[in-house]
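Source: prediction; values computed, not measured. The first residue in the sequence is number 1, and the count goes up from there.
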Amino acid sequence: MKNLTKEDREKLYKYSNEENIQKKLEIIADLYSRNQDNYKIMFKFLVTLGKFEEYRPRAKELLKDLVGKVNPSAIYFEVGKLDVLDNDLEGAVKNFEESLFYNERNTGSKLELAKVYRYMRRLEDAKSMLYNLLKSTDDRAAYYELGVISEIEEKDKRAEDYYQKSLSISENDTRALFKIGKIKRKNGEYDEAKKCFEEIYRRNKNDNYNLLELGKCECAMGNYGAARRYYNEALLIKKDSAAFIELALVEQRLDNYEEAYKYYLEANKIEHNSYTDYSLGIFEKSLGNYEKSIEYFEKCKEEKVKEKVYLSLSNLYIKTGDNDIAYEMFKKVDLSSLKVEKERKDYYRLENYFEVINGLCNESTCNNYFTRQLLNYDEEAAIELSRHSFSNTFDLESHMDIIRDGIKEENLSNTKGCQDFYIINMDSEIEDVYGRKTDKIMAITLINTDKIISIIPTIREKLNIHEDGFKRKRD
């Protein structure tokens, strides 16, 4: 660069390699103080200054004043990036488009414009821009961005293919490898996911997010000791609420509830937000502390997790007998926002439940007997109804406590209409009315409650409920 001394050229090189933004500003400010007539130095100075929020508006103005003195495509490109920092997405679109007007081959502007389109959920525009970019160059970042868009569109296989293309261009692209690992973990390919995260760990043992993913894989595979080690390793790098929550989940699976509660509280101390409140709500619900669970869920029902929260609150208010409030919570749930199958299934269960209690139920949605049971519950009638399914030597009343204890989420086999079906393992074998031996009981309850409608011996691990529901022959 003209007019720069050897010392200034060395400083400029140092500026280019410095990662700390404050130090970068100090270096370029010093250079600018001695080279105020050098527009390229001024350009770098203003770009760096714009990284600081308080100086950004003025930096953007002064950058535009350099049009005609510095490459205009580069100027609008940098102003667009500063707009993104201000969350001014419309402004960013205009500036990136202006950059491309001056240089239609500016791949940086194409990539950044595609990202802004993604932020705005203009996915087709984003893809079109990235395809255009890829016509001129095999760009690793463009493939990565297409992978991110494919994940948003819930096309995991396509996303993985794009991340693989990004990796094929640069084997050191750990971001793409991390994304592939997350997709594989999400789809239950824990061994393959673990290989991805282990490779990243081999290269960088201080990647906090990667350690959490390794822990999640180990936990899913039942290797709780290894999961604990990774989470604790992550905490040595950074005291992070997510690591404490994952540790809490491990302890919860091992029935170490005191330890789990301690970790949840630690997470809440570090970062009191909707995620930690939501996690504590789930924890209290699992212990049957419904009112405490409601307290935590109520704190985060207006946040990003609100659909899940309203769903949980609806379930909880049913359990506490507040059906009117439960129904109000249910009506706030937007079904289209529930992406997880289990959540959608729970939505339909609640929908059926409210159809019954609001008098909207008919023969096509549930059996009349179940409706009568729901409105006027009588466990003795349920026992009487069930008795003929067992051998005469079986004392059903003496086993009711065991059966009630078995009505929990992990034993839920299937759901239909207003009924939940649970397969419960008994301590000893029993005989059905035909003399067949089994150690399994199928308990049918009213949906979202522990009110047993009937009990049947069964050898089935899981039920396949047909569209017309489960109807048992009666004498």
(message) Donor-acceptor check, side chain of Ser312 to backbone of Lys308, threshold 3.5 angstrom: yes or no?
(response) yes
(request) Return the orientation label for the Tyr261 and Phe283 ring planes: parallel under 30°, perpendicular over 60°, tilted otherwise. (result) parallel
(request) Output yes when a side-chain donor or acceptor of Thr438 lies under 3.5 Å from a complementary backbone atom of Thr458, and no otherwise. (result) yes
(message) Regarding Glu160 and Lys184, does a basic nitrogen lie under 4.0 Å from an acidic carboxylate oxygen?
(response) yes
(request) Indicate yes or no: at least one non-hydrogen side-chain atom of Ile444 is less than 4.5 angstrom from one of Asp420. (result) no
(message) Between Lys94 and Glu90, does any NZ, NE, NH1 or NH2 come within less than 4.0 Å of an OD or OE carboxylate oxygen?
(response) no
(message) Would you say that more than 12 heavy atoms from the other residues, nucleotides or ligands in this model lie under 6.0 Å from the CG of Asn204, or not?
(response) yes
(request) Might you work through the side chain to side chain contact (heavy atoms under 4.5 Å, CB included) test for Leu396 and Ser386, ending with a clear yes or no? (result) CA-CA 9 Å; Leu396 190 54; Ser386 307; 3.9 Å; yes
(message) For Lys182, I'd like to know if atom NZ has over 12 heavy atoms of other residues, nucleotides or ligands within 6.0 Å.
(response) no
(message) Under a plain distance cut-off of 3.5 Å, with no hydrogens placed, do Thr320 and Asp322 share a side-chain donor-acceptor pair?
(response) yes
(request) Using a cut-off of 6.0 Å, state whether more than 12 heavy atoms not belonging to Lys165 lie near its atom NZ. (result) no
(message) Less than 4.5 Å apart, side chain to side chain, heavy atoms only: is that true for Tyr263 and Leu249?
(response) no
(message) Test of understanding: with salt bridge (charged side-chain N to carboxylate O under 4.0 Å, His left out), list the residues that count as partners of Glu271, not counting sequence neighbours.
(response) none
(message) Between Phe197 and Phe178, is the ring centroid distance below 6.0 Å?
(response) yes
(request) For residues Leu235 and Leu247, report the shortest heavy-atom separation together with the two atoms involved. (result) CD1-CD1, 3.6 Å
(message) Between Asn223 (side chain only) and Ala226 (backbone N and O only), is there a donor and an acceptor less than 3.5 Å apart?
(response) no
(request) Could you tell me whether the side chain of Arg140 reaches within less than 4.5 Å of the side chain of Tyr144, counting heavy atoms only? (result) no
(message) One thing to verify: whether Lys195 and Asp191 come together as a salt bridge, which I'm taking to mean a side-chain N less than 4.0 angstrom from a carboxylate O.
(response) no
(request) List the steps and the verdict of side chain to side chain contact (heavy atoms under 4.5 Å, CB included) for Leu111 and Leu130. (result) CA-CA 7 Å; Leu111 181 66; Leu130 292 165; 3.9 Å; yes
(request) Might you confirm whether atom NZ of Lys331 has over 12 heavy atoms from other residues, nucleotides or ligands at distances under 6.0 Å? (result) yes
(message) Please check this pair: side chain of Ser150 against backbone of Leu146, looking for a donor-acceptor N/O pair closer than 3.5 Å.
(response) yes
(request) Check Thr107 against Leu133 and note the closest heavy-atom contact, atom names and distance. (result) O-CD1, 3.5 Å
(message) Tell me whether Glu171 at atom CD has more than 12 heavy atoms from other residues, nucleotides or ligands lying less than 6.0 Å away.
(response) no
(request) Check whether the side chains of Asn172 and Ser170 place a donor and an acceptor atom closer than 3.5 Å, and report yes or no. (result) no
(message) Does any part of the side chain of Phe52, heavy atoms only, come nearer than 4.5 Å to the side chain of Ile21, both counted from C-beta?
(response) yes
(request) Kindly give the heavy-atom pair with the smallest separation between Ala159 and Glu151, and that separation in Å. (result) CB-CG, 3.6 Å
(request) Using a cut-off of 6.0 Å, state whether more than 12 heavy atoms not belonging to Glu397 lie near its atom CD. (result) yes
(message) Check this for me: does any side-chain nitrogen of one of Lys115 and Glu145 sit under 4.0 Å from a carboxylate oxygen of the other?
(response) no
(request) Please answer whether the main-chain N or O of Tyr422 pairs with a side-chain N or O of Asn411 as donor and acceptor at a distance below 3.5 Å. (result) no
(message) Rounded to the nearest 0.5 Å, what separates atom OH in Tyr209 from atom CG in Asp240?
(response) 6.5 Å
(request) Establish, yes or no, whether a centroid distance under 6.0 Å links the rings of Tyr347 and Phe330. (result) yes
(request) Could you tell me the separation between the CD1 atom of Ile237 and the CG atom of Asn232, rounded to the nearest 0.5 Å? (result) 11.5 Å
(request) Could you pull out the closest heavy-atom pair between Glu251 and Ala260, with the gap in Å? (result) CB-N, 3.8 Å
(message) Show the nearest heavy-atom pair for residues Lys332 and Glu307, with the distance to one decimal.
(response) O-OE1, 3.6 Å
(message) Closer than 3.5 angstrom, by distance alone: can the side chain of Ser128 be matched with the main-chain N or O of Asp125 as a donor-acceptor pair?
(response) no
(message) Tyr257 vs Asp255, test: side chain to side chain contact (heavy atoms under 4.5 Å, CB included). Steps then yes/no.
(response) CA-CA 5 Å; Tyr257 295 110; Asp255 296 332; 3.0 Å; yes
(request) Is it possible for you to check whether Arg253 lies under 6.0 Å from the centre of the six-membered ring of Tyr224, through NZ or CZ, and within 45° of that ring's axis? (result) no
(request) To the nearest 0.5 Å, tell me how far Lys262 NZ sits from Phe244 CZ. (result) 9.0 Å
(message) Testing the basics here: between Tyr163 and Gly147, what is the closest heavy-atom pair and its distance to 0.1 Å?
(response) OH-C, 3.2 Å
(request) State the CZ-CD1 distance between Arg185 and Ile183, to the nearest 0.5 angstrom. (result) 11.5 Å
(message) Could you tell me if Tyr143 and Asp138 have a donor-acceptor pair between their side chains, going purely by distance under 3.5 Å?
(response) yes
(request) Step through the shown structure and confirm whether more than 12 heavy atoms of other residues, nucleotides or ligands are within 6.0 Å of NZ on Lys205. (result) yes
(message) Could you go through Lys194 and Leu214, starting from their C-alpha distance and side-chain angles, then the distance that decides it, and tell me whether this counts as side chain to side chain contact (heavy atoms under 4.5 Å, CB included)?
(response) CA-CA 6 Å; Lys194 188 176 162 187; Leu214 271 168; 4.2 Å; yes
(request) Check each of Ile282, Asp277, Leu280 against Phe297 using the side-chain contact (heavy atoms from CB on, under 4.5 Å) test, and report the only one that passes. (result) Ile282
(message) Pair Arg202, Glu199 - check salt bridge (charged side-chain N to carboxylate O under 4.0 Å, His left out), show working.
(response) CA-CA 5 Å; Arg202 187 184 66 77; Glu199 176 57 26; 2.6 Å; yes
(request) Run the salt-bridge test on Arg404 and Asp401 with the 4.0 Å N-O cut-off and return the result as yes or no. (result) yes
(request) Output yes when a side-chain donor or acceptor of Asn187 lies under 3.5 Å from a complementary backbone atom of Glu189, and no otherwise. (result) no
(message) Closer than 3.5 angstrom, by distance alone: can the side chain of Arg436 be matched with the main-chain N or O of Glu431 as a donor-acceptor pair?
(response) no
(message) I need the Leu211 CG to Arg229 CZ distance, nearest 0.5 Å.
(response) 12.5 Å
(request) Working to the nearest 0.5 Å, report the span between CG of Leu236 and OH of Tyr231. (result) 15.5 Å
(request) For Asn289 and Lys292, indicate whether the former's side chain and the latter's backbone hold a donor-acceptor pair under 3.5 Å. (result) no
